[in-house]
Student: 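Would you mind keeping the following structure in view while I ask a few things?
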Amino acid sequence: MHIIFVNPQGNFDNNDSYWTMHPDFGGQLVYVKEIAIAMANLGHKVDIVTRYIDDPDFPEFRGEIDYYDGIKNLRIIRIKSKSNEFLTKELLWGHLDKWTYNIIDFYEKEGSYFDFMTGHYGDGGIACAMLKAKTTIPYSFTGHSLGAQKLDKLGTNMNNIEELDKKYHFTERILAERTAMYNSDLIFVSTEQERDEQYSHPLYKDITNNIQNPLKFVVSPPGANTTVFAPLAGDNISIGFSDVIENIISRDISDKRRNLPFIISASRLDSKKNHLGLVKAFAINKELNEKANLLISVRGIENAFDSYKNVSIDELEILDQIFKIINEYDLFGKITFISINSQTELADTYRYMTKRKSIFALTAMYEPFGLAPIEAMSTGLPAVVTKYGGPSDVLFEDGIEYGVLVDAFDETDIAKGLLKALNNYEFYKTQGMKRVKQKYTWEATAKKYLDAIVNLEETYKDVAINKFFEKPSQKHLDKSFLRNYLIRNN
Ligand code: F6P
């Protein structure tokens, strides 16, 4: 089969450039790349279709066709859109129509079309809807993160909608998601929670509960790259990144605390990841901060204690607040910051930290799925994770715990959860590793996709196509739609 992954945001290349450095180069790109590779390894012809970018700040993305070293059957295809400069995902909406025409031109020139498309995020989803309108080729939608949840978490109301919509383009995004869902032939979700709660949000409910057009959901959890996030094979194994880790420990952690376990935070500095909740929990619980140190990953900042001024305004604000807590509770000698620049360095850090019986923490206000905890668990770190969103399915099933779930809005509960993981280290380590092996590998994810696509192909003749109710290429964006929801909720 020939399958294309439609992913206009971020970009892809052999070096995984900008991964975790930029908000559009995060978990979604890992997901698309890994499933595409797994499908190609299973013998299918696969293309990742993304934007052509000719921008001095992003020189890696100029070639029209690119490849991953050593992977057969997989191409990265970069297609021109209205503008060739790099654009953040919030600014892509008006650029997709032209892009989809150019995608069609590309395959027409090649002389053969693809059999199926998978669209990623609202932008990839609506692009697939546009492509389907033009070609009738079926597609699946994978939301990754839905606008309605973000809108709610940011506390959007009638007073701030104007300002938030300017920044996040919720109107375009939610309309795109609705259109992508309605016209899709399959919807892939990572957890049942995502299907049952996220997709039945009032802003999508009329579509997801529409009995005339029942949507076909497939639960297909993502996996960890178990080659990269492999556990430590023995105490003597050398870890590439250990010099850097040891340097920052001796630089920032006081002498007598250097052998203590660490609590590791590896998320991007983004307010929704709630670093402040974690630091506050660490600060207020004496038992906790006597038992462990805190390590926070901050990409690109060599020594946060010296200076961190060279970051975005949002990151600066978070770091300022973290340092306020450090000063207020005198956490000097108990906390360190590390600049981690690749998945390999991250995996090395995790492996190094398993030697000290350390734990992983992600206390985000909301996490649609949470690939990061799975990667940490795969190396052998017990995970302490927010109970809001997908992690509640990953870390707990049928009365069995695979990690510790915490209330990210309650610092006392976060501290309690961190202590629980530290005090029951072996139990959570074993449970976490077992869980990843049994349920979360990329090959299993790719097979779920393929099974659903093949089944669909067989029954496809019965599926109603061209059922657009909100024409995807039209610019009519009805502002009252969002506002009515906000009025009802205020
Ligand atoms: O890869 C980054 C990512 O994880 C994507 O899945 C998605 O683009 C984004 O973060 C989350 O989106 P948002 O904050 O816009 O809901």
Student: Determine the interplanar angle of the His120 and Phe5 rings, folded into 0 to 90°, and report it as parallel if under 30°, tilted if 30 to 60°, perpendicular if over 60°.
Tutor: parallel

Student: Using ring centroids (six-membered ring only for Trp), state whether His44 and Phe116 fall under 6.0 Å.
Tutor: no

Student: Just by distance, do the side chain of Arg51 and the backbone of Ser83 share a donor-acceptor pair under 3.5 Å?
Tutor: yes

Student: Quick one: side chain to side chain donor-acceptor pair (under 3.5 Å) partners of Asp407, sequence neighbours excluded?
Tutor: Tyr388

Student: Between Gln431 and Lys434, do the side chains contain a donor N or O and an acceptor N or O under 3.5 Å apart?
Tutor: yes

Student: When rounded to the nearest 0.5 angstrom, what is the spacing between CD1 in Ile103 and OG in Ser81?
Tutor: 9.5 Å

Student: For Phe188 and Tyr449, take the angle between the two ring planes, folded into 0 to 90°, and tell me which bin it lands in: parallel under 30, tilted 30 to 60, perpendicular over 60.
Tutor: parallel

Student: Apply side-chain hydrogen bond (donor to acceptor under 3.5 Å, both in side chains) to residues Glu397 and Tyr402 and explain how you reach the verdict.
Tutor: CA-CA 8 Å; Glu397 194 178 346; Tyr402 298 97; 5.7 Å; no

Student: Is it the case that Gln193 and Asp393 place a side-chain donor and acceptor less than 3.5 Å from each other?
Tutor: no

Student: Provide the closest heavy-atom pair for Ser17 versus Phe25 in the form atom of the first, atom of the second, distance.
Tutor: O-CD2, 3.3 Å

Student: Check whether the ring centres of Tyr352 and Phe241 lie less than 6.0 Å apart, and answer yes or no.
Tutor: no

Student: Look at the aromatic rings of Phe305 and Phe337 and report parallel, tilted or perpendicular, splitting at 30° and 60°.
Tutor: perpendicular

Student: To the nearest 0.5 Å, what is the distance between CG on Leu288 and CG on Leu418?
Tutor: 5.5 Å

Student: Looking only at the aromatic ring of each residue, does the gap between the centers of Phe323 and Tyr308 stay below 6.0 angstrom?
Tutor: yes

Student: Does a donor on one side chain sit under 3.5 Å from an acceptor on the other, for Asp152 and Tyr485?
Tutor: yes

Student: Give a yes or no on whether a salt bridge exists between Glu162 and Lys166, defined as a side-chain N under 4.0 angstrom from a carboxylate O.
Tutor: no

Student: Applying side chain to side chain donor-acceptor pair (under 3.5 Å), can you list everything that pairs with Lys150, at least two apart in sequence or on another chain?
Tutor: none

Student: Between Asp24 and Tyr121, does any side-chain donor sit less than 3.5 Å from a side-chain acceptor?
Tutor: no

Student: Centres of the Phe58 and Tyr18 rings: under 6.0 Å?
Tutor: yes

